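Atoms considered below: every heavy atom in the structure, side chains included; atoms not considered: hydrogens, waters and symmetry mates. From a predicted model like this one, the values you see are computed outputs, not experimental measurements.
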Amino acid sequence: MSNQHPPAEAAPDTPEAWQATRAQTALATQFMRDPDAYLSDEKKEIGRQVGANERELFVSCAPPEALQQQFDHVNPEFIAVHDVGTTSSRRLLTGIAAASNRAVQKLFIRRQGYGTALATLEFVEIPTSDGSKLMMFSTEADADTSSRQGLARTLLANSRLGVVMVGELPSHALEAAFKPLRDEILAGSWTNRHLLVLPLCGGSTVATLAAELGRGTGVDVRTTPQVTRPADAWGFINGTWARIREHLPPSRGTPPPAARGGSFPRMAAAPAEPASPAQAPLAMRPMPAVPTSRARAPDNAVSSGLLDRYVHQLGELTGMVSCCVFELSSGRSVAHAGASPGADDLALHGTELLSSIAGTCRALGLGHAIPDAAITLGAHHLLLRAVPKHPGMALHAVLDKTHANLTLARLQVQRMDALFDEQPGS
């Protein structure tokens, strides 16, 4: 009798449930002219081209695991750019793309069978001297926190060169940021042998932590002088890549450089001395400024005094406990008024809150602007918003819930924007 029952429908997570989607996404069998055509660089790319600047990869597991499987199978050479205390990697990719007449591309990692975007990565294909290309990824993925961290680790661990751009952070915050990176290197599954640390701000702490990062790991970690221009960052990266390709054997059993598509476009730049734009075979155009804290901080007494005046006027609002203007790139306080929480705490946690909200907005396709957020806690309200006419700066304000009306407080804060319309000296 049991043979009379119709077969049970395959559960959504069983392999059989994915067959329809596999049939739709699989490429038809193709006949190649010769082995060289089959083994061309085009067959070694990650994902499938679906648009001029878009690729997609359908997966049935977590994005980091799926990307690792692709790297194990395709074994590509690429550079990964990672942010610590800054948001510079994507801007650097944009500048390099413009300099080489290319566009920043996106890799969409989608859930197989549903098409849901689980993560999005940005990369640029850099032309090399022999006409081939080299991929450069930003590790700043649009994904949930766990996937974002896993993708960053996977990209850095499998890259031929990992570039770590470091913003201005307190010493304890830098130590906390570098520790997980060292733990991952020591874990044993780290194939990348070269890290280049680019400090966007001054300070000897970065060099000390970078030296400790590679100690006893077999990873060559080099720290450059402070980078204040995108062309400098490009020169350091290019010089390091050239040194790797010319003087070191390929890792992980990869074929010789000639078989992998040639060398990186040379700029006649040594790692410690970036080449001038005139020497660049890419004929680089002006690139967007690297968003360091120096570029965003008030650079004169008028601007600094205006921000101080701004926060002190906010501090006089009914129910205001403490408020702070801070830099998003570094989490550094610029102006503060009020009692506890202090400026450093407001800046640090304001950066974390806005970063989390902005990541959610990007994942939902709701834009990339600095969020304007109001959060109600047990006994307090939090206000977070961009500071008018000060790109890269934000306000974090704490109000006493028993004395402040949230709607009225938001209107009063918005009215303070008129302060930035005043002319200096008026």
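Checked by atom type, the side-chain pair D400/T402 shows a donor-acceptor distance below 3.5 Å. For the residue pair D83/T86, the side-chain donor-acceptor check at 3.5 Å is not satisfied. In this model, no donor atom of one side chain and acceptor atom of the other lie less than 3.5 Å apart for E122 and Q105. Checked by atom type, the side-chain pair R110/T120 shows no donor-acceptor distance below 3.5 Å. Looking only at atom types and distance, the side chain of D344 has no donor-acceptor partner in the side chain of S333 under 3.5 Å away.
Salt bridge annotation for R148-D144: absent, with no cationic side-chain nitrogen under 4.0 angstrom from a carboxylate oxygen. Salt bridge annotation for R90-E140: absent, with no cationic side-chain nitrogen under 4.0 angstrom from a carboxylate oxygen. We find that D142 and K106 are not joined by a salt bridge, their nearest charged nitrogen and carboxylate oxygen being 4.0 Å or further apart. A salt bridge links R385 to D417: one of the charged nitrogens lies within less than 4.0 Å of a carboxylate oxygen. Between D220 and R243 there is a salt bridge, since at least one side-chain N of the basic residue sits less than 4.0 Å from a carboxylate O of the acidic one.
Distance alone, capped at 3.5 Å, places no donor-acceptor pair between the E65 side chain and the L67 backbone. Proximity of a side-chain donor or acceptor of H73 to a complementary backbone N or O of Q69 within less than 3.5 Å is not detected. Counting only distance, with no hydrogens or angles, the side chain of S356 and the backbone of E352 share no donor-acceptor pair below 3.5 Å. Checking side-chain atoms of H396 against main-chain N and O of L346 turns up a donor-acceptor pair under 3.5 Å. T240 contributes a side-chain N or O that, together with a main-chain N or O of F236, makes up a donor-acceptor pair within less than 3.5 Å. The backbone N or O of A143 sits nowhere less than 3.5 Å from a side-chain atom of S147 that would complete a donor-acceptor pair.
The minimum heavy-atom distance linking A347 with R332 is given by the pair CB-C, 4.1 Å. Shortest non-hydrogen contact noted between T318 and L399 is O-CD2, 4.2 Å. For the pair T217 and R193, the tightest heavy-atom approach, listed with the atom from each and the gap, is O-NH1, 3.4 Å. For the pair E212 and R182, the tightest heavy-atom approach, listed with the atom from each and the gap, is O-NH1, 2.8 Å. Across all their heavy atoms, H336 and P341 have their closest contact at NE2-O, 3.6 Å. Between F78 and L155, the shortest heavy-atom contact is CE1-O, 3.4 Å.
Aromatic ring centres of F58 and F108: separated by at least 6.0 Å. Less than 6.0 angstrom separates the ring centroid of H390 from the ring centroid of F420.
Atom CG of L169 is separated from atom CD of E175 by 11.5 Å, given to the nearest 0.5 angstrom. In this structure, the separation between CG on L200 and CG on D232 is 11.0 Å, given to the nearest 0.5 Å.
Using bins of under 30°, 30° to 60° and over 60° for the plane-to-plane angle, the ring pair F123/F137 lands in the tilted bin.
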